[in-house]
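Have a look at the structure below, then the notes.
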Amino acid sequence: MDRRTYDHHWLQHAVSAGAEFHPNSAVTAFDQRRREVTTAKGEKWTGRFIIGADGVNSRVRQALAKARTIDEPAHSGCATALECFVPRREGSLPRCPAIYYGYVPWGYGWSFPYPHHQVLGIASLKPKIRCRLKDGFREFIASLSSPDPGALRIQSHGLPYGNYLRNPGYENVLLLGDAAGLADPFLGEGIYYAHRSAQLAAQAVIESRAHPDAAAGRYCDSFRRTIYPELRYARAGRQILFSLPPNFYFPVLAAMLRLMPKFCEETIQGQRSFKWFRRKETQAGAG
Ligand SMILES: Cc1cc2nc3c(=O)[nH]c(=O)nc-3n(C[C@H](O)[C@H](O)[C@H](O)COP(=O)(O)OP(=O)(O)OC[C@H]3O[C@@H](n4cnc5c(N)ncnc54)[C@H](O)[C@@H]3O)c2cc1C
């Protein structure tokens with residue numbers, strides 16, 4: 001499904017459940033002490049609970065970090081992603097979602113088919129790539145024999161890639177999804193974690209109605225039991241894989257797919273947790 005359609009679907013759900021939507025009203029500041037957000041229109045809002053679901057450049061996260069009420073991870077973990085839309089020409093591009101390794105260090109490329117166009121993208125961990133990402137993307141596009149890369153409109157985005165927080169909240173302020181760095185540190189997928197963290201936060205808010213300042217504690221507890229181990233072990237796996245030269249990523253992944261096809265497929269599709277990696281690691285440690 002197209003991302004705009006997907007987001008619009010959930011926006012309609014929220015509005016029909018009673019949420020107020022204020023378009024074109026970006027938050028420009030968040031006062032952590034007063035629990036108050038200021039918008040570009042000069043409005044000021046406060047609430048019993050503040051949910052920071054404002055994406056990879058979250059103002060709410062920045063304000064909490066500045067006030068030292070959350071601990072930023074010691075390791076860096078933000079990726080730059082380049083993406084473009086290519087018109088579909090029969091036979092020129094894969095008809096199934098495909099992921100490619102080897103074009104950039106510490107990252108991967110993708111090709112996702114839509115009815116009328118193809119999305120091509122590439123992402124890599126910022127400190128590892130510097131200016132090589134564009135070159136890697138051009139090489140990747142050329143290898144798919146798609147149109148002249150110079151003629152395409154390439155967009156750049158930030159992507160959390162391992163900078164997830166251990167405690168994504170403070171008192172009655174909760175950070176969700178990309179704002180808390182919750183994209184998979186290996187595959188970059190964050191939609192599942194955005195939804196899952198929202199579920200955990202909603203539960204914490206419901207249970208903390210009488211004591212709003214207890215919400216972050218509840219949320220962080222359930223987060224550390226469920227999402228946090230997934231991200232840690234996905235990150236550990238990618239540290240091992242991406243320490244190899246890029247030309248080795250593919251043979252190693254291909255060998256894993258050959259040896260454990262069901263495990264790998266279900267993990268990539270999100271049907272199986274990265275915890276299986278933890279169990280394997282524990283067994284290996286015991287053996
Ligand atoms: C190129 C690219 C491709 C991706 N592909 C996939 C994929 O195939 N599958 C997958 O699972 N994940 C994918 N991801 C990751 C995924 O998009 C994110 O992890 C996910 O969207 C996170 O959801 P979110 O709600 O936390 O943040 P977002 O989707 O970024 O939503 C944040 C919202 O906050 C709003 N906002 C931001 N700042 C302010 C402000 N100051 N004031 C008010 N509002 C603000 C934004 O307008 C936006 O509506 C991709 C990411 C990128 C960059």
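These numbers come from a predicted model, not from an experiment. Order of listing sets the numbers, starting from 1, for every ligand and every atom in it.
Cation-pi check for R235 over F186 is not met; the charged atom does not lie both under 6.0 angstrom from the ring centroid and within 45 degrees of its normal. The cationic atom of R238 (NZ for Lys, CZ for Arg) lies less than 6.0 Å from the six-membered ring centre of Y161 and within 45° of the ring axis.
Between F140 and Y100, a ring centre-to-centre spacing shorter than 6.0 Å is recorded. If you look at Y114 and H117, their ring centroids are closer than 6.0 Å.
Only the side chain of F112 comes within 4.0 Å of ligand 1, counting heavy atoms alone; its backbone N, CA, C and O stay farther away.
Taking 4.5 Å as the limit, every side-chain heavy atom of D135 sits out of range of all side-chain heavy atoms of E139.
By the 3.5 Å distance cut-off applied to N or O atoms, W110 is not counted among the residues near ligand 1. Residue contacts with ligand 1: E83 is placed with no nitrogen or oxygen under 3.5 Å of a nitrogen or oxygen of the ligand (distance criterion only). For the pair A179 and ligand 1, the shortest N or O to N or O distance does not fall below 3.5 Å. No N or O atom of A194 sits closer than 3.5 Å to an N or O atom of ligand 1. Considering backbone and side-chain atoms together, A183 places no N or O closer than 3.5 Å to any N or O of ligand 1.
Checking I141, I122, V119 one by one against C84, the side chain to side chain contact (heavy atoms under 4.5 Å, CB included) holds for a single residue, I141.
The closest heavy-atom contact to atom 35 (C) of ligand 1, among the options D184, D54, L182, comes from D54. Taking each of C84, A53, A29 in turn, the one with a heavy atom nearest to atom 31 (O) of ligand 1 proves to be A53.
Using a 4.0 Å cut-off between charged side-chain N and carboxylate O, D7 and R4 make no salt bridge. With respect to R35 and D213, a salt bridge is recorded, a charged nitrogen being found less than 4.0 Å from a carboxylate O.
In this structure, the protein non-hydrogen atom closest to atom 52 (C) of ligand 1 is L159 CD1, 4.1 Å. Here the heavy atom of the protein found nearest to atom 42 (N) of ligand 1 is V27 N, 2.7 Å. In this structure, atom 6 (C) of ligand 1 lies nearest to the protein heavy atom G188 O, 4.7 Å.
Residue-ligand proximity, H157 to ligand 1, at heavy-atom distances under 4.0 Å covers atoms 1 (C), 53 (C). Near G158, with a cut-off below 4.0 Å to any heavy atom, the atoms of ligand 1 are 53 (C).
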Determine, step by step, whether S222 and Q203 satisfy the side chain to side chain donor-acceptor pair (under 3.5 Å) criterion, reporting the C-alpha distance in whole Å, the side-chain angles of both residues, the deciding distance to 0.1 Å, and the verdict. CA-CA 9 Å; S222 55; Q203 189 62 36; over 6 Å; no
